[in-house]
Amino acid sequence: MKVQHSRPHKHTSVTLHAIRQRSGVPYEIERRVCTACKRVLDEKPLRRAAA
């Protein structure tokens, strides 16, 4: 399977919030994702989510 690379672009990010588990504990995560290529540019935990 050959991966085709699209032409270079400037990443345009959008901020998304999600709930993820870390060691069995739910956390709210803030993700910055490029709208064009869907690549995760940044991800950081915000706070512990209610169970």
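The salt bridge (charged side-chain N to carboxylate O under 4.0 Å, His left out) search around R47 returns E28, not counting sequence neighbours. Under the side chain to side chain contact (heavy atoms under 4.5 Å, CB included) criterion, A18 pairs with R20, not counting sequence neighbours. Scored by the side chain to side chain contact (heavy atoms under 4.5 Å, CB included) test, T12 finds T35 as partners (sequence neighbours excluded). Legend: residues meeting salt bridge (charged side-chain N to carboxylate O under 4.0 Å, His left out) with K44, ordered by chain and number and at least two apart, are E30.
In this structure, I19 and P26 approach most closely via the heavy-atom pair CG2-CB, 4.3 Å. Heavy atoms only, all atoms of each residue included: L16 and V33 are closest at CD1-CG2, 3.9 Å. Minimum interatomic distance between S13 and R32 (heavy atoms only, all atoms of both residues): OG-NH2, 3.4 Å.
Through direct or relayed side-chain contacts under 4.5 Å between Ile, Leu, Val, Met, Phe, Trp and Tyr, Y27 connects to V25, I29. L46 forms part of no hydrophobic cluster, judged by ILVMFWY side-chain heavy-atom separations under 4.5 Å.
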